[in-house]
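Okay, structure first, notes after.
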Amino acid sequence: MKKELKNRLILIAPASCAALLDILITIYFQPKEYWNGNLKIHNEANPIGNFAMNESIYGLFIISIIWLLIIIALGLFLPKKWISYISLFIVICHTLGGCSWIMMNFGFQYQFILIGFNTFLYLKTNNDLRK
């Protein structure tokens with residue numbers, strides 16, 4: 001049973017990592033005015049995140065923790081054959097989100113670092129468990 005739990009957590013790890021990176025990038029690039037209390041001066045395309053950020057400067061943190069817990073729960077409770085698919089979907093979505101920040105602030109070419117890292121992590125975890 002412990003090995004099964006470990007394998008499930010490994011399969012969902014790339015999704016958790018991609019989400020966390022996207023969250024950290026989002027936090028980093030928010031304007032100082034937002035962190036000083038002006039809740040209307042923020043930049044978030046996700047409607048759920050946008051709503052949370054409009055309500056409180058802690059909103060992004062709260063919604064992010066909830067989302068990371070949901071990702072872990074998906075890894076623990078979904079049928080095992082679905083975990084890789086869900087993980088890949090989440091990795092793609094959060095890579096896209098992170099890349100939008102990177103492109104805006106650093107330029108097109110730097111997106112490939114995030115894309116490469118997330119792709120490598122996903123393939124590494126999935127291939128290692130198949131051996």
Side-chain angles (χ1 to χ4, degrees):
M1 184 65 177
K2 285 185 181 182
K3 186 174 182 178
E4 174 71 18
L5 176 63
K6 179 182 173 187
N7 288 346
R8 288 173 163 276
L9 291 174
I10 289 171
L11 284 173
I12 205 67
S16 301
C17 186
L20 186 59
L21 283 171
D22 184 22
I23 291 163
L24 292 173
I25 291 167
T26 301
I27 290 167
Y28 181 78
F29 284 112
Q30 293 307 313
K32 289 178 187 174
E33 295 85 7
Y34 177 75
W35 299 118
N36 289 331
N38 187 347
L39 300 180
K40 300 302 177 199
I41 307 292
H42 68 276
N43 188 358
E44 179 54 45
N46 178 330
I48 298 169
N50 189 31
F51 173 78
M53 291 178 77
N54 275 327
E55 298 302 312
S56 167
I57 58 172
Y58 303 111
L60 180 59
F61 298 101
I62 293 166
I63 202 75
S64 296
I65 290 168
I66 292 169
W67 176 233
L68 290 168
L69 291 172
I70 289 170
I71 292 171
I72 293 167
L74 290 170
L76 294 175
F77 298 111
L78 278 176
K80 191 171 179 188
K81 66 180 182 179
W82 284 98
I83 298 171
S84 290
Y85 300 128
I86 295 299
S87 183
L88 179 59
F89 176 74
I90 294 169
V91 166
I92 291 170
C93 291
H94 280 288
T95 301
L96 178 63
C99 282
S100 66
W101 285 108
I102 290 170
M103 187 166 146
M104 262 190 327
N105 292 281
F106 299 111
F108 177 80
Q109 66 277 17
Y110 291 99
Q111 298 176 94
F112 295 107
I113 296 168
L114 181 62
I115 294 168
F117 176 78
N118 285 345
T119 301
F120 172 79
L121 187 60
Y122 177 82
L123 292 175
K124 178 80 172 135
T125 57
N126 278 267
N127 289 337
D128 283 355
L129 288 179
R130 291 197 170 115
K131 290 181 181 176

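Values reported hereafter were calculated over all heavy atoms of this structure, with side chains retained and with hydrogens, waters and symmetry mates removed.
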Checklist outcome for this item: Value for CD1 (Ile113) from CG (Asn118), rounded to nearest 0.5 Å, stands at 12.0 Å

Next on the checklist: Return the CZ to SG distance between Phe106 and Cys99, rounded to the nearest 0.5 Å.
Outcome noted: 12.5 Å

Next on the checklist: Let me check something: do Tyr28 and Tyr110 share a hydrophobic cluster, defined by ILVMFWY side-chain heavy atoms less than 4.5 Å apart, either directly or through other members?
Outcome noted: yes

Item to check | Contact summary for Gly97 and Asp22, nearest pair of heavy atoms | outcome: C-OD1, 3.5 Å

Next on the checklist: Could you report the tightest heavy-atom contact between Glu44 and Asn50, atom names first, then the distance?
Outcome noted: CG-N, 3.6 Å

Item to check | 4.5 Å side-chain heavy-atom contact, Ile72 and Leu9 | outcome: yes

Next on the checklist: Nearest 0.5 Å, please: how far is CZ in Phe29 from CD1 in Ile102?
Outcome noted: 7.5 Å

Checklist entry - What are the two closest heavy atoms between Ile41 and Pro31, and how far apart are they? => result O-CG, 3.6 Å

Checklist entry - Can you name the closest pair of heavy atoms from Ser84 and Asn126 and give their distance? => result OG-OD1, 2.6 Å

Item to check | Verdict with supporting geometry, Phe51 and Ile63, side chain to side chain contact (heavy atoms under 4.5 Å, CB included) | outcome: CA-CA 10 Å; Phe51 173 78; Ile63 202 75; over 6 Å; no

Next on the checklist: Any non-hydrogen side-chain atom of Gln111 less than 4.5 Å from a side-chain atom of Thr95?
Outcome noted: no

Checklist entry - CG/Leu74 to CG/Leu11 distance, rounded to the nearest 0.5 angstrom? => result 12.5 Å

Next on the checklist: Applying a strict under-4.5 Å side-chain criterion to I, L, V, M, F, W and Y, I'd like to know whether Leu24 and Ile66 cluster together.
Outcome noted: yes

Next on the checklist: Testing the basics here: between Trp67 and Ala19, what is the closest heavy-atom pair and its distance to 0.1 Å?
Outcome noted: NE1-CB, 4.0 Å

Next on the checklist: Under the criterion side chain to side chain contact (heavy atoms under 4.5 Å, CB included), I'd like the reasoning laid out for Ile27 against Trp35: C-alpha separation, chi angles, the key distance, then a yes or no.
Outcome noted: CA-CA 10 Å; Ile27 290 167; Trp35 299 118; 3.8 Å; yes

Item to check | Shortest non-hydrogen separation from Gly75 to Ile83 and the atoms involved | outcome: O-CD1, 3.2 Å

Next on the checklist: According to a hydrophobic-cluster definition based on side-chain heavy atoms being under 4.5 Å apart (Ile, Leu, Val, Met, Phe, Trp, Tyr only), do Ile48 and Leu69 belong together?
Outcome noted: no

Next on the checklist: Test of understanding: clusters of I, L, V, M, F, W, Y form through side-chain heavy atoms closer than 4.5 Å, transitively. Do Leu123 and Leu88 belong to the same one?
Outcome noted: yes

Checklist entry - In terms of heavy-atom contacts, does NZ of Lys80 have more than 12 from other residues, nucleotides or ligands at under 6.0 Å? => result yes

Checklist entry - Can you tell me how far the CD1 atom of Ile90 sits from the OH atom of Tyr85, to the nearest 0.5 Å? => result 15.0 Å

Checklist entry - Rounded to the nearest 0.5 Å, how far apart are CG of Leu96 and CG of Leu114? => result 10.0 Å

Next on the checklist: Quick check against the 3.5 Å criterion: does Glu55 have a side-chain atom that pairs as donor or acceptor with the backbone of Ala52?
Outcome noted: no

Item to check | Cluster overlap Ile71 with Leu78, hydrophobic side-chain contacts below 4.5 Å | outcome: yes

Next on the checklist: Would you call the rings of Tyr58 and Phe61 parallel, tilted or perpendicular, taking 30° and 60° as the class edges?
Outcome noted: tilted

Checklist entry - Got a donor-acceptor contact below 3.5 angstrom from the Ser64 side chain to the Leu60 backbone? => result yes

Checklist entry - Please walk me through it: do Leu68 and Ile23 pass side chain to side chain contact (heavy atoms under 4.5 Å, CB included)? => result CA-CA 10 Å; Leu68 290 168; Ile23 291 163; 4.3 Å; yes

Checklist entry - Can you check whether Asn43 reaches Trp101 side chain to side chain, under 4.5 Å on heavy atoms? => result yes

